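See below for the structure under consideration.
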2 protein chains.
Amino acid sequence: MARVRLIDVAELAGVSMKTVSNVVHDYPHVAPALRQKVQSAIDELGYRPNLTARRLATGRTGMIALAMPEMDHPYFSELSRYIAEEATRRGYRVLIEQTLSDPVAERAVIGDREAGLVDGVIFHPVQMGTLDIAKLAPGTPLVLLGEAAMPVMTDHVMIDNVAAALEGTQHLLDSGRRRIAFLAVTDGDITGSTTQRLLGYQQALIEAGLPVSPDLVLTARKFSAEAGGDAITEALAAGLEFDGVVCRDDKFAIGALKALQAAGKSVPGDVAVVGWDDTFVGRYTSPTLTSVAPDKMAIASEALSLLEDRIDGYQGVGRHRIVGHSLAVRGSTPAS
Amino acid sequence: MARVRLIDVAELAGVSMKTVSNVVHDYPHVAPALRQKVQSAIDELGYRPNLTARRLATGRTGMIALAMPEMDHPYFSELSRYIAEEATRRGYRVLIEQTLSDPVAERAVIGDREAGLVDGVIFHPVQMGTLDIAKLAPGTPLVLLGEAAMPVMTDHVMIDNVAAALEGTQHLLDSGRRRIAFLAVTDGDITGSTTQRLLGYQQALIEAGLPVSPDLVLTARKFSAEAGGDAITEALAAGLEFDGVVCRDDKFAIGALKALQAAGKSVPGDVAVVGWDDTFVGRYTSPTLTSVAPDKMAIASEALSLLEDRIDGYQGVGRHRIVGHSLAVRGSTPAS
DNA sequence: CTTCCGGTTTACAGCGCTGTACATTGTCCG
DNA sequence: CGGACAATGTACAGCGCTGTAAACCGGAAG
């Protein structure tokens, strides 16, 4: 079962290696008869081109890296799916790179000690600032995902967080809610996401002529459903009154749902809840979860198309694509 | 920003390419002074080895492919995470290959037209039989995941489905349930999983001296939460009585939970529910979901270690590893 | 009949790295 | 002081493929 090489095929067919290569690549100027003969030789030997060698010769790997915090976070796994599909469509393979939000791992993703592995990188940073990123990756084609503030030299895809938060909050206002909490800011949260979402939330309140009360902006220990639930429980225990919650994250929303029910509050009767990311889980909580829904498919296709430009040699300044979002209205908010 | 090559470093340091290579690889027999000099040259030029070239020279790619039906199915995304972590630990990178349960895509995974891309493949087949697989991949190091019936030539990792189903059913029996349904068999389900789980379910009933009633084995249209829920709703409408449900899948269980509640049944009061796979979602349903919990981390590490053997040249017949499982008891079943 | 031309095909030099075989140097004994 | 041996270092041939430049060939044009 020794590997069959191009030259083996060439010898069997009695032609040069290059001709075989041309047949493999469907190069048009090959005489039909020869093409036929070469093809049979290929079939007979079961020849399969060695991609590594091809890569070394062409300098292209046909692979992109997808670097995300966690494969099994619903938002990222859903996004990965679309990116994998879009990449396949465009003829790329996807290498996964799980950073687990670790700064060292994030740095490794782009400042990798090795090179020539992938043609480009799609990266959802958590810890790294855009400046670090730009410094480490001056050459690599790169597209950033998420809410990192406008990088200067790097392409970037996101949704309009302010507008989305505004709409989510508005949805609660429309159904008559007046005391709406925001869940939550987190210590050490250096992502811009929270800030922007909080901004949209405040803007909606202001537009409705309502006061923006700092009490209503809750704080959570960390990013998890439990921590979100605890924040709600504590707020309730402290006597805070609210009839709606806008969450920066479905995980927080799920925690909130549980905590509210545990405290005897009905959802959405007493308190309505809006989540964020429209993940799979929200369809199976009870009640089901109303959630801001980024257009994940659009994120995937925009990211790939920006990346492909860069791979093809585009050198301009960072481009920023805002893709669409909507509000998936479900059981955790009353029909407005 | 031209690429820096090994030879550039060698020239700057005034040594041979191979010595630079030795320094890069921490080969022990290099004189400290020389090592130092080479290292500075590396740093000065910012040299980064070209992996593609290395691969061509060594014949090893340091990558494995992970082929799964869907990246965003909770079970698979959780498993992917562990596999990605384990692979990183062992120095491999992971290429994802999403089959979407499509027979053509599955075939492509192993019978790929190209070669030399990865050192090995971890594959969770859905459509392909083990015979097809063996035929297509006579040379590639390969490890199968899931319940494909004992492949002869291929390594394989799974949990003991019969035992796990038995335990899940027993758990319901222990709490006094006597009419336990199985959710569900599906038309065109050619996976062995359902069969084995059904077997364990029946065995538990027999051991408890209970009749095995075909009525209690429900049928679902397809694999989805909705279809699972519908099956329950229909059974209820047809007047079927049951006080427990063992589900072959968390998705079915989630659908069942919703359908039972919609029909006014309390869970676990009237009907207790056991799911399968212990996915993330089950922690956030209400009630939370008791579920058979395969040891996913063990699956990942066993799979990698079998695969590594094969990559290292092991040629024996297929080995079969049964890894552990447990029952994650939560709110959908009464404490027994 | 020769020339020219475009479509075909070939030979061969890399792509950047590593493994092998061999050369060199230094050290330790007898 | 010479020889044996280990420790270091080098030269160079590939790994399998593709790009380039050049050769080839049959027919249309002159």
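Chain naming here is simple, since letters A, B, ... match the order of the sequence lines and numbering starts at 1 in each. Note that this is a predicted model, so its numbers are computed, not measured.
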### Query
By side-chain hydrogen bond (donor to acceptor under 3.5 Å, both in side chains), which residues pair with A:E78, not counting sequence neighbours?
A:K296
### Query
Under 4.0 Å between a Lys/Arg side-chain N and an Asp/Glu carboxylate O for B:R60 and B:D312?
yes
### Message
Between A:V121 and A:V143, is the side chain to side chain contact (heavy atoms under 4.5 Å, CB included) condition met? List the steps.
### Response
CA-CA 6 Å; A:V121 180; A:V143 173; over 6 Å; no
#### Entry: Result of checking A:H320, A:E147, A:R321 against A:H156 for side-chain contact (heavy atoms from CB on, under 4.5 Å)
A:H320
### Query
side-chain contact (heavy atoms from CB on, under 4.5 Å) with B:I96: which of A:L95, A:I96, A:I83?
A:I96
### Message
Distance under 4.0 Å to a non-hydrogen atom of chain B counts as contact; along DNA chain D, which nucleotides mark the start and end?
### Response
D:dT8 to D:dG16
### Query
Is there a donor-acceptor contact under 3.5 Å linking the side chains of A:S16 and A:T19?
yes
### Task
Tell me, please, which residues at least two apart from B:D277 pass side-chain hydrogen bond (donor to acceptor under 3.5 Å, both in side chains).
none
## Note on the structure
Taking every heavy atom of B:V126 against every heavy atom of B:E106, the minimum-distance pair comes out as N-OE2, 2.8 Å
### Contact letters for nucleotides 6-12 of chain C, in which S counts primed atoms plus P, OP1 and OP2 and B counts the base, heavy atoms under 4.0 Å
--SSBB-
### Query
Under the salt bridge (charged side-chain N to carboxylate O under 4.0 Å, His left out) test, which residues partner B:E308, sequence neighbours left out?
B:R90
#### Entry: Stepwise side chain to side chain contact (heavy atoms under 4.5 Å, CB included) test for B:F123 and B:M128
CA-CA 11 Å; B:F123 178 27; B:M128 286 184 82; 4.3 Å; yes
### Query
If an axis is fit to five pairs at each end of the helix from C:dC1-D:dG30 to C:dG30-D:dC1, what is the angle between the two, to the nearest 10°?
50°
